[in-house]
There are 2 protein chains.
Amino acid sequence: MQMTKIDHGSRNCMRVSELLGRIGDRWTLPVVVTLNGGPLRFNAIRRAITGISQQMLTRTLRALERDGMVSRTVHPSVPPQVEYALTPLGLSLAEEAARLGRWMQTHLAEIDGHRAAFDNRTAN
Amino acid sequence: MQMTKIDHGSRNCMRVSELLGRIGDRWTLPVVVTLNGGPLRFNAIRRAITGISQQMLTRTLRALERDGMVSRTVHPSVPPQVEYALTPLGLSLAEEAARLGRWMQTHLAEIDGHRAAFDNRTAN
DNA sequence: CGGCATCCTAGCCGATACTG
DNA sequence: CAGTATCGGCTAGGATGCCG
């Protein structure tokens with residue numbers, strides 16, 4: 001059952017790329033990292049993440065909730081309180097993200113160097 | 001020098017997110033994975049990746065070249081041949097991608113389950 | 001063969017205003 | 001406090017055509 005050719009079309013390769021696109025969007029990673037410090041309420045997350053709009057936070061949290069990465073708990077008080085927390089799955093993702101982060105830190109200077117050199121080469 | 005608060009604004013957190021967005025785009029990962037099997041010419045890559053347009057392959061390869069992930073070698077023949085190969089940096093990225101892929105394989109069913117359940121819940 | 005230029009569309013995301 | 005609704009800009013990416 002060996003694969004000599006890579007099947008990008010009908011198998012999970014696409015799914016990986018898709019998920020990477022999801023967590024690679026502007027806000028998902030910041031939200032996950034923030035929640036990695038512990039459960040937080042909506043506006044607490046909002047305050048923790050500089051520059052995020054209310055709507056984008058809502059959307060990002062919905063998407064993460066849909067994927068089972070975060071749990072949403074409503075405390076029926078007045079005014080209502082909603083608490084968000086990472087699920088085990090979300091925590092697992094956070095670890096992978098941290099690993100990616102470490103890789104980035106390691107190679108960031110190298111990449112920047114290549115970019116500068118390339119831009120220099122092409123901007124004749 | 002401890003960080004009690006996460007700085008999403010001015011530090012590398014943003015850069016990580018940015019790079020994740022780059023490799024999370026539609027074609028970067030497929031290209032890297034394809035080249036992981038060895039150097040290939042332009043149209044060979046094109047054939048290996050179902051559905052990619054010529055322009056998107058060009059753009060993806062340029063971006064990867066700019067970041068120092070792939071090397072571009074022109075063989076001055078008629079017709080001209082251009083060979084692309086992963087650099088050590090690109091190979092390193094491919095390994096990280098493979099790790100991400102494994103994580104996905106592991107959790108894909110779980111995520112799909114959550115999605116289905118969520119959609120069911122909300123599509124009342 | 002490899003690659004750039006152009007046009008066009010769909011979707012992401014921000015800003016703003018409104019609701020329970 | 002925690003959302004939803006609406007508008008509009010920006011850009012990723014597809015289709016097509018031309019060039020060395």
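- Applying the ring pair (Phe, Tyr, Trp, His ring centres under 6.0 Å) rule to pairs touching residues 80-117 of chain B yields B/Trp103-B/His107, sequence neighbours excluded.
- Side-chain contact between A/Met69 and A/Val32: absent, with no pair of heavy atoms (C-beta onward) separated by less than 4.5 Å.
- Judged by distance alone, with hydrogens and angles left aside, the side-chain atoms of A/Thr34 form a donor-acceptor pair with the main-chain N or O of A/Pro30 at under 3.5 Å.
- If you take CD of A/Gln81 and P of D/dG3, they are 12 Å apart, rounded to a whole angstrom.
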Self-check item: Contact letters for nucleotides 10-16 of chain D, in which S counts primed atoms plus P, OP1 and OP2 and B counts the base, heavy atoms under 4.0 Å
Solution: ---BBB-
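- Under the side chain to side chain donor-acceptor pair (under 3.5 Å) criterion, B/Arg46 pairs with no residue, sequence neighbours left out.
- In this structure, the helix from C/dC1-D/dG20 to C/dG20-D/dC1 shows an angle of 40° between the axis at its start and the axis at its end, each fitted on 5 base pairs and rounded to 10°.
- Among the atoms of the strands shown, only primed sugar atoms or phosphate atoms (P, OP1, OP2) are found under 4.0 Å from some heavy atom of B/Arg62.
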Exercise. Kindly determine whether B/Glu95 and A/Arg99 satisfy salt bridge (Lys or Arg N to Asp or Glu O under 4.0 Å), including the steps that lead there.
Key: CA-CA 12 Å; B/Glu95 282 168 31; A/Arg99 167 175 286 275; over 6 Å; no
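- From the 5' end on, the contacts that DNA chain C makes with chain B at under 4.0 Å to a non-hydrogen atom open and close at C/dC1 to C/dT6.
- Residue A/Arg41 places none of its side-chain N or O atoms closer than 4.0 Å to OP1 or OP2 of D/dC1.
- For B/Arg59, the side chain to side chain donor-acceptor pair (under 3.5 Å) partners two or more places apart in sequence, or in a different chain, are B/Gln55.
- Closest of all the heavy-atom pairs between A/Val70 and A/Thr87 is C-CG2, 3.7 Å.
- Using a 4.5 Å heavy-atom cutoff, the side chains of B/Arg22 and B/Thr28 are in contact.
- Here the side chains of A/Leu100 and A/Met104 are not in contact, with every heavy-atom distance at 4.5 Å or above.
- Put simply, the side chain of A/Leu61 reaches to within 4.5 Å of the side chain of A/Leu57, judged on heavy atoms.
- Residue A/Arg72 is in sugar-phosphate contact alone, with no base atom involved, counting any heavy-atom pair closer than 4.0 Å across all strands shown.
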